[in-house]
Structure formats: structure tokens, C-alpha cells
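These notes concern the structure reproduced below.
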Amino acid sequence: MAIDHDILAVRIAPQDDPETDFFWASGEDGKLRFKRCQSCGYYSHPPTPRCPKCLSGEMVPEVVSGKATVLTYTVNVQQWVPGQEPYIIGLVTMDEQDDLRLTTNLVGVPLDADNIIGMRVEVRFLARDDVWYPLFVPEGTPE
Amino acid sequence: MSNPERLSFISGVGRSASGRRLGRTAMDLTLDAALEAIADAGLTRDDIDGIATYPGGDAIMSRGFGGPSASAVQDALRLDINYLYGSGEGSAQLGSIIEASSAIAAGLAKHVLVFRTVTESTMQGMAGRNPGGGMQRMGGFLMQFGAVSATNWFAQVAQLHMHKYGTTREQLAQIALTCRTNAGVNPRAVYRDPLTMDDYLNARMISTPLCLLDCDVPVDGSTAMVVSHVDYAKDAPHIAAHINAVGTAQIGRPSWDQYEDMTSMLAQGVSKHLWSRTDLKPADVDVAELYDGFSIITLAWLEALGFCEQGEGGAFIEGGQRIARTGELPINTHGGQLSEGRLHGYGHVYEAVVQLRGDAGERQIPGAEVIVAANGGGPIAGAMLLTKGIRD
Ligand SMILES: [Zn+2]
């Protein structure tokens with residue numbers, strides 16, 4: 001279920017922020033959550049205290065399927081950190097809502113694959129120092 | 001005067017030395033540029049009654065991304081002024097020039113000194129690379145995934161553009177090749193040696209599909225201008241670079257990864273806004289000075305500004321003839337940030353003024369009378385249409 005090996009030599013931790021702490025802790029139980037409006041059902045990312053659609057203040061983290069489609073990506077080659085191997089940064093659209101997007105890393109995807117855009121992916125978590133980073137693997141990857 | 005921005009024009013331009021690792025302070029460079037601009041406008045510092053800059057702040061704290069604050073320059077020149085502005089928000093780097101224009105239209109000032117100073121080359125040499133630069137505050141949900149550089153953010157735009165529209169690396173290369181050709185006749189450009197398609201295709205990859213030659217080059221340098229009320233145009237020593245229209249709209253989510261059309265940028269809304277404020281059309285534009293922090297940004301501006309349809313930018317620049325100095329729409333006639341160096345938006349405006357005056361020497365575009373200058377990429381955008389001489 002979890003990802004043990006980090007493809008990044010240095011992974012920048014999120015800053016403490018009461019608005020977003022839930023997001024980075026969500027993966028502790030293996031589930032991805034986004035804030036969702038209890039009035040109109042809209043998911044908001046990055047999280048906001050009010051619904052950007054209907055302005056309701058009832059925004060509650062809700063579990064999502066963790067399934068997504070890759071909208072676009074890049075293979076980072078430049079060694080911003082010495083010794084860093086190339087890795088894939090992906091922008092994925094969650095199944096729940098066509099504008100619920102997340103920048104992430106794609107793991108277990110060949111760097112030279114020509115079918116990455118449009119690829120079906122699902123979430124896995126990388127745990128580091130009480131942060132659960134949501135990364136994505138090809139859908140159906142054995143747990 | 002149909003638009004308030006037509007109450008102002010660029011009366012003077014000035015530049016410090018620019019180049020790699022000059023080892024001079026931001027204030028030192030800024031004063032060179034400022035004094036040159038004031039003199040070029042036919043003014044003295046006593047005439048300056050406003051000052052504006054992008055992004056304001058402290059050059060040391062921002063590792064060379066920001067220049068001196070507007071108030072620091074005010075104090076260094078012992079100016080008494082009626083208007084002061086410095087911000088990294090607004091319509092990209094151009095926002096500071098638009099702010100000067102707005103202050104003049106509001107009657108708050110007559111001659112506003114504007115400047116943009118960078119010392120990123122020297123600061124990087126002293127402290128190592130600084131991926132993300134001054135934009136880290138925007139990277140709240142990007143940095144954690146190794147998307148630490150603007151290269152990564154724009155690479156995803158380029159990748160989707162190629163996937164969706166069939167744009168090729170050979171097409172995108174024309175931005176870099178065109179800039180280099182133009183830089184060859186610009187003595188102030190950092191990179192002037194000819195560049196070939198093979199050079200481009202063999203260049204080191206940074207973040208696919210963007211290679212080293214898709215990325216601009218950090219330099220040290222300061223660019224300054226004086227924005228004056230049109231009442232001064234008849235007395236000014238140079239023909240006016242008149243502000244015909246500005247584009248400042250922010251339409252859609254101002255985000256690196258949440259903007260709806262990820263093949264483009266906020267350039268789309270700014271461009272619509274610009275054209276809504278003038279009777280001039282894209283076909284009237286003689287030269288386009290389009291921000292090129294990364295090559296894909298220039299392509300996005302070409303599409304957003306309506307020189308071609310969305311998605312057709314690759315075909316538009318194919319072969320490079322159309323955007324060459326001899327083509328129907330010369331771009332980045334100074335070599336852009338890709339080859340002249342990252343003066344961060346102001347270099348494009350400076351070049352626009354020089355072209356409108358007919359002072360560009362070997363790289364002069366004959367009959368350049370309408371020039372569009374656009375700044376910024378991603379969630380940051382501003383544009384300005386300049387004409388040779390005052391037009392109502
Ligand atoms: Zn709602």
C-alpha cells in the first residue's frame with residue numbers, strides 16, 4: 001500500500017498551516033482527502049475555509065477514491081540536488097471532479113513512456129516525518 | 001483620449017551595464033539606469049515626482065531577484081515625490097509601468113521613474129542556485145513533489161501543448177534560434193554566437209520537453225524608464241513611445257497548476273483586455289516583444305494575443321521565417337531573455353521604445369510604429385501596446 005523508497009533525494013516538507021495540515025496527514029490511514037463543501041458538494045484544492053463556488057463555510061475533508069487521470073507531466077532531469085536521478089512530476093485530475101487537480105509524482109511509470117498523458121493512476125502514500133505525501137502509480141499496480 | 005493610459009508615454013529609457021556576475025550592487029546598477037533614463041527624457045531629478053518598481057523589497061533577501069525598494073531609490077536620489085509604488089503583485093513586471101501610467105492619469109504625478117533591477121547572476125555565484133527564486137511563495141503544493149523550479153511548471157505546459165496540438169520541439173526551437181539570431185546584432189546581449197537546430201536538439205534536457213536553450217539566462221542589470229504625461233511630449237527630446245492600451249485583467253485561477261487551460265496562461269485574459277481597449281488589431285502590430293523566461297511562454301503569448309489561433313503557435317513559428325526580423329511579425333528583436341539576458345520583462349519594453357524611436361541600429365525593424373510588449377507567464381501577466389508618437 002505505501003511507498004517505501006523516495007524517488008527524491010530531498011523532499012521539501014510542507015509548512016505547518018492549519019488550513020492544509022489535514023491534507024498532509026490524510027494518508028496515515030491510506031486514504032486521500034480533499035476539503036468538500038457540505039452545501040453544494042464542490043471539492044476545493046488548495047483547501048479554502050469557504051466554498052469558492054457557493055461561499056458556504058462548511059468545508060470538511062472527505063475521502064476520495066484516489067483514482068485519477070494524468071493531465072500533463074514533466075520528467076525533471078536537472079540535478080537541483082546533486083546526485084538526484086530523473087523523476088516524473090505529474091498533474092493529475094481526480095475522478096471526483098473535473099477541476100480537482102493535484103501536482104504529484106508519478107511512481108512506477110517508465111520515464112520514456114509515450115502514454116503518460118491520459119494514463120489512469122491511483123494514489124499511494126510516502127510517509128516521511130509525519131507527512132504522508134500522495135504519490136500516484138499506474139492504476140492496478142499491485143499493492 | 002479614449003483610454004486613461006493614453007495620457008502617458010515613455011519619455012526616457014536607461015540601462016546599466018548588464019551581464020554575468022558583474023559583482024556590483026543592485027543600488028549601484030539602479031542609479032546608473034535611473035540617471036540615464038532621466039537624462040534621456042530631457043529631465044533632471046528635480047522633475048521626477050513619482051517612482052515605481054517591480055517587485056520592491058530587498059535584493060539581498062531575495063538573492064538577486066528583487067532590486068532596491070522604490071523608497072531606497074527615492075532616498076538615494078533625495079527625491080521629493082507625490083507617488084510611490086513597489087510590488088511583486090500586479091500585472092507582472094509591466095505592472096509597475098502601468099501603475100506609473102495610472103498615477104499620471106489620476107493626476108498624482110507628471111514624471112514617474114520606473115525601474116527593474118536584478119543581480120541574480122552575482123547572487124547565484126555567491127550562494128549557489130536558488131530554484132524557484134522569488135516565486136517560492138507560489139509553490140505551496142508544488143515544491144513537495146520536486147516541482148522546485150519554474151522550469152518544471154512551464155515544462156508541464158509545454159508537454160500538454162505538444163500532446164494536444166502536435167507542437168514539436170523543432171517548432172519550439174524557433175523561439176530560441178530567433179532570439180539568438182537577433183542577439184547576434186545586439187552588442188549588449190550575453191549570448192551572441194550563432195545557434196543551430198542541432199545545437200538545440202542536442203542541448204542538455206532540464207525538464208522535458210524543455211532543454212537548457214528553452215530557459216533564459218540570469219544576469220545582473222538594471223533597466224529604468226521615465227513615464228511622463230502627454231503634455232510633455234512636444235518638449236521631450238525623443239519621439240514618444242505612447243501607451244496606446246494596457247491589459248491588466250486576471251481571468252481564471254491565478255495558479256501554476258490550477259489554471260483551466262493548461263496549454264496556456266493568464267496571458268489569455270490579459271490579451272483580450274488589451275484588445276478591448278484599442279481600435280488597433282493584431283494585424284497592426286509591427287513588432288512583438290514577448291516575455292521569454294522560457295520559450296513556451298513566448299509561444300503562449302503569440303496565441304493569446306491573437307497572432308494565431310490557440311494551439312497553432314507551433315505551425316506559426318515553424319521554420320522561423322515569420323518571426324524573424326525580416327518576417328511579418330518580428331519578435332524579441334534584442335534577443336530576448338533567452339540570449340540578451342534576464343532583465344526580467346523590462347528588457348522587452350526597453351527594446352520596444354528603442355525600436356519605436358528608430359534607434360535600434362543593425363537590428364532596427366523598418367517602419368516599426370506599433371509594438372506590443374508582454375510580460376509574465378503562468379499566473380502572472382501584463383501587456384502593453386505602444387505606438388510611435390502620440391495617437392488619440
Ligand atoms: Zn459550495
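So that the names make sense, note that chain A is the first sequence line, chain B the second, and so on, each numbered from 1.
The closest side-chain heavy-atom distance from F145(B) to N105(A) is below 4.5 Å. The shortest side-chain heavy-atom distance between R101(A) and D257(B) does not fall under the 4.5 Å cut-off. Two residues are said to be in side-chain contact when any heavy atoms from C-beta on lie closer than 4.5 Å; T72(A) and H163(B) fail this criterion. Within the 4.5 Å cutoff, no side-chain heavy atoms of M205(B) are placed close to those of Q78(A).
Atom CD of E85(A) sits in a sparse spot, with 12 or fewer heavy atoms from other residues, nucleotides or ligands closer than 6.0 Å. Atom CD of E139(A) sits in a crowded spot, with more than 12 heavy atoms from other residues, nucleotides or ligands closer than 6.0 Å. More than 12 non-hydrogen atoms from other residues, nucleotides or ligands lie less than 6.0 angstrom from CD of Q79(A).
To the nearest 0.5 Å, atom CG of residue N152(B) and atom CG of residue L91(A) are 12.5 Å apart. To the nearest 0.5 Å, the span separating CG on D98(A) from CD on E260(B) amounts to 8.5 Å. Taking OG1 of T104(A) as the reference point, atom CD of Q144(B) lies at 10.5 Å (rounded to 0.5 Å).
Interface remark: Y73(A) contributes backbone and side-chain atoms alike to the contact with chain B (heavy atom separation under 4.5 Å). Interface remark: T151(B) contributes side-chain atoms only to the contact with chain A (heavy atom separation under 4.5 Å). Heavy atoms of D99(A) lying under 4.5 Å from chain B belong exclusively to its backbone. Heavy atoms of I88(A) lying under 4.5 Å from chain B are absent altogether.
Remark: side-chain polar atoms of T208(B) are not paired, donor with acceptor, to backbone N or O of T74(A) under 3.5 angstrom.
Of all residues spanning residues 45-58 of chain A, those with a heavy atom less than 4.5 Å away from chain B's heavy atoms are H45(A), P46(A), P47(A), arranged by number. Contacts with chain B (heavy atom to heavy atom, under 4.5 Å) involve these residues of residues 6-27 of chain A, listed by number: L8(A), R11(A), I12(A), A13(A), P14(A), T20(A), F23(A), W24(A).
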- Item | Residues T103(A), F141(B); criterion side chain to side chain contact (heavy atoms under 4.5 Å, CB included); working and verdict | CA-CA 7 Å; T103(A) 292; F141(B) 283 84; 5.9 Å; no
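With chain A as partner, the option from L210(B), L212(B), I206(B) having the largest number of non-hydrogen pairs under 4.5 angstrom is I206(B).
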